[in-house]
Amino acid sequence: MPIVIDRVPDGVLLATDAGTTERVASAEFAGAVARREAARDDPPRWVWSDTAQWYPELLRAGVRVERCHDLRLVDAILAGVDGRPPEPALRRTVAPVTPTAPPGPTLFELVAPERHEPARAAVALHAEQSAALARDRGAGSPSARDLALLAAAESAGALAAVEMQHAGLPYSAVAHDALLTEALGARPVTPEARPARLDQLAKQVEALLGAAPGTLALDSPLELVAALRRAGIPADSTRAGELRQHDHPAIAPLLHYKQLSRLLAANGWAWLDEWVHDGRFRPSFVPGAVVTGRWGSDGGGALQLPKQIRGAVRADPGWVLVVADAAQLEPRILAALSNDSAMARAGAGVDLYAGMVGSGAVDSREQAKLGMLGAMYGGTTGQSARVLPRLQRAFPHAIRFVEEAARAGERGESVRTRLGRTSPLPGEAWRERQLLAAAEGASEAQRREARSAARSWGRFTRNFVVQGTAAEWALSWMAGVRRRLWSPDQGPLTEQPHLVFFLHDELMVHAPRDRAAEVEHALRAAAADAGRLLFGASPVSFPVTVAVVERYGEAK
DNA sequence: AAGCCTAGCGCC
DNA sequence: AGGGCGCTAGGCTT
């Protein structure tokens, strides 16, 4: 649903081509918009179907959008709250536009001027959504204020995602290549050939397992397990964790092979060729991809950039990377959600886990971390389960909160994040199973399976409230950082401090060195803002660690 | 050839 | 019997 801009009575700018039959070239359009934007004191909020669809082209034309309302993303949230399917008109029919793609059809050519239905639908949807965001849904439902905040944060995230793709993460292909060469040997002439170091390790493993050179497909788990067994290693799988349990001379080189093979397959030269150009890594980010509200990615693997290669992420000369990480975000979120004052006190410093040790609740930082992760994920075994009783005594409100979220899921109910994002309900098969198991004459096996499925859904809802609220905090943080860095008068986005990376609880800003302190302040201040936005006067703090570095690998 | 699944491992 | 993802390779089905 493309774009003409118009004022609507509440001061919102609406993206619609209703009433306009003129064909306008997009550059011309963008220029007109830019002038109009610059003349305003009160920044407009653009309303459009899909930020990822429309914003890249505007950015390329030099137009930055400060605020928007993403109909598709907001509708998905509201649909979840109201338990209805998402609006079909907002289904994505065209792939999102690559920020660096050569200009395709202009915005106006994408919809013939004689067909205004999509635009009219956009107007109607926006009216509906505005009403829905303001509607009181009764006790226990998210407030209009919270949903509006969530809509704004989600939409701001969508803008930031496009801007990050547009700017790209500064990345040294030379450094990456050097790193690969150091680990694997020189780049083979053909992509199928095994680099020297990898080949050497493969032959070593074959020899140690008693196989002839070139006869063992190390990348095939089935073949490898068989070969291990033939060599007297009682392996059930080829997972690194299991292999380490076995004592055999072939294990060490095999683990090394697997590590290098992984590096080559996931982030080797092919990856470099595909994703790094002109000194920038431009992965895709997908806001709202995960039901909890976390972002996803669909190309480039932005959210899985291995620590091993982060040294290749390098600021431009004279610039720095300001890398900020929200310290122990999820347990802090839980402390705030549950109003657990003991946990809030433990989190008064920068290290919540150390604070838990200091309060005497647990013996070690490692124990604190494992225990909290287990509590938030629903772990029932190992060390995390052993620590749980102590956590329960020390932080009863926090533990009760996640337990109640788990029980709700086990009953087949939905749960909500702080701002109201609602978990999906289990499917029909799940319900059927629970009913059958509860009926008279159900077999022991049926009851056991139903119980297991219920527990599993409970682990999902248990985690949903924490992971989802953490995602809301992170979106609010990002939106705040973006707002604080915003200055449309100072030229293009990439000539001033700008966001380049986001990783669930971590933000990175690429900035001229002499502006690093200002950026650091923005990152810290926005984090404090985010805490207040979500939790008001809660005593829980949300400290961020900030590193000003030239290479991402130096942070942390 | 394309699509789907699993194994395994990378990130949080 | 620990939550959420994406990606690759192998291996199967269509």
Side-chain angles (χ1 to χ4, degrees), chain A residues 191-192 217-225 235-244 254-255 257-268 270-271 274-275 283-310 325-331 333-334 369-385 387-388 402 405-406 409-410 415 417 421 423-424 448-471 473-474 501-507 552 556:
Chain A
E192 311 82 53
L218 287 178
D219 297 325
S220 164
L222 279 174
E223 265 198 58
L224 182 54
V225 168
D236 295 313
S237 78
T238 65
R239 282 196 304 272
E242 194 202 323
L243 292 179
R244 266 189 280 274
L254 176 56
L255 288 170
Y257 171 87
K258 282 168 72 75
Q259 188 211 338
L260 293 185
S261 158
R262 167 84 195 175
L263 173 66
L264 175 68
N267 299 99
W271 175 88
E274 184 172 357
W275 294 104
S284 87
F285 289 103
V286 189
V290 183
V291 284
T292 57
R294 272 191 177 181
W295 286 13
S297 65
D298 69 0
L303 305 183
Q304 300 126 262
L305 195 69
K307 294 198 165 157
Q308 203 180 355
I309 64 169
R310 291 184 182 180
D325 179 288
Q328 309 92 39
L329 179 58
E330 293 199 346
I333 290 289
L334 174 55
K369 185 173 176 174
L370 273 173
M372 283 312 300
L373 289 177
M376 293 184 296
Y377 293 163
T380 56
T381 58
Q383 209 195 330
S384 76
V387 194
L388 193 59
V402 284
E410 289 172 12
V415 294
T417 61
R421 199 186 301 263
S423 70
R448 202 170 46 238
E449 278 175 33
R451 189 70 198 136
S452 157
R455 291 250 190 221
S456 172
W457 198 260
R459 285 192 297 276
F460 165 60
T461 52
R462 170 197 295 266
N463 187 252
F464 182 94
V465 293
V466 178
Q467 186 186 118
T469 304
W473 183 93
F501 202 57
F502 172 58
L503 196 51
H504 306 309
D505 59 358
E506 197 175 323
L507 280 175
Y552 187 19
K556 276 197 182 177

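In what follows, chains carry the letters A, B, and so on, assigned in the order in which the sequence lines appear, proteins first and then strands, with residues in each chain numbered from 1.
In this entry the distance linking NZ of A:Lys258 with C1' of B:dC9 reads 8 Å, nearest Å. With rounding to whole Å, A:Leu303 atom CG is found 16 Å from B:dG10 atom P. One atom, CG of A:Leu222, and another, P of C:dA9, lie 17 Å apart when rounded to the nearest Å. One can place CH2 of A:Trp271 at 12 Å from C1' of B:dG10, the figure rounded to the nearest angstrom. Between the P atom of C:dA1 and the CD atom of A:Glu449 lies a distance of 15 Å, rounded to the nearest Å. Rounded to an integer number of Å, the gap from CZ of A:Phe285 to P of B:dC12 is 13 Å. B:dC9 atom C1' lies 13 Å from atom CG of A:Leu255, rounded to whole Å. Put simply, CD on A:Glu330 is 17 Å from P on C:dG2, counting in whole angstrom units.
Out of B:dC12, C:dG6, B:dA7, the shortest distance to the side chain of A:Leu503 is found at B:dC12. Taking the side chain of A:Thr381 as heavy atoms from C-beta on, and the options B:dC11, C:dG2, B:dG8, the nearest nucleotide is C:dG2. Here the nucleotide nearest the side chain of A:Gln304, chosen from C:dG11, C:dC5, C:dG6, is C:dG6. Proximity note for A:Ser220 (side chain, C-beta onward) versus C:dA9, B:dC12, C:dG11: the nearest is C:dG11. Across B:dG8, C:dG4, B:dG10, the shortest atom-to-atom separation from the side chain of A:Phe460 is found for C:dG4. Out of C:dG4, C:dT8, B:dG8, the shortest distance to the side chain of A:Arg262 is found at B:dG8.
In terms of phosphate contacts, A:Arg459 brings a side-chain nitrogen or oxygen within less than 4.0 Å of OP1 or OP2 of C:dG3. Put simply, A:Thr238 has a side-chain N or O that comes within less than 4.0 Å of OP1 or OP2 on B:dG8. Taking only side-chain nitrogens and oxygens, A:Lys369 never comes nearer than 4.0 Å to OP1 or OP2 of B:dC12.
If you check every strand for non-hydrogen atoms under 4.0 Å, A:Ser384 touches nothing. Counting non-hydrogen atoms under 4.0 angstrom, A:Ala217 reaches nothing in the nucleic acid. Using a 4.0 Å heavy-atom criterion, one finds that A:Leu305 contacts the sugar-phosphate atoms exclusively. Using a 4.0 Å heavy-atom criterion, one finds that A:Arg310 contacts the sugar-phosphate atoms exclusively. Across all strands shown, A:Gly299 has heavy atoms under 4.0 Å from sugar-phosphate atoms exclusively, and none from any base.
Stacking annotation: A:Tyr377 is stacked on the base of C:dG3 (ring centroids less than 5.5 angstrom apart, interplanar angle below 30 degrees).
For B:dC12, its base sits under 3.5 Å from the side chain of A:Arg294 at one donor and acceptor pair at least.
Taking the side chain as every heavy atom from C-beta outward, A:Val466 and A:Tyr377 never approach each other to under 4.5 Å. In this structure, the side chains of A:Ser261 and A:Asp219 come closer than 4.5 Å at one or more pairs of heavy atoms. The closest side-chain heavy-atom distance from A:Ser423 to A:Trp457 is not below 4.5 Å. Within the 4.5 Å cutoff, no side-chain heavy atoms of A:Arg455 are placed close to those of A:Thr380.
Under 4.0 Å is where a charged nitrogen must lie from a carboxylate oxygen, and between A:Glu330 and A:Arg294 at least one such pair does.
Although no hydrogens or angles enter the test, the distance criterion places a donor-acceptor pair under 3.5 Å between the side chain of A:Thr461 and the main chain of A:Ala405.
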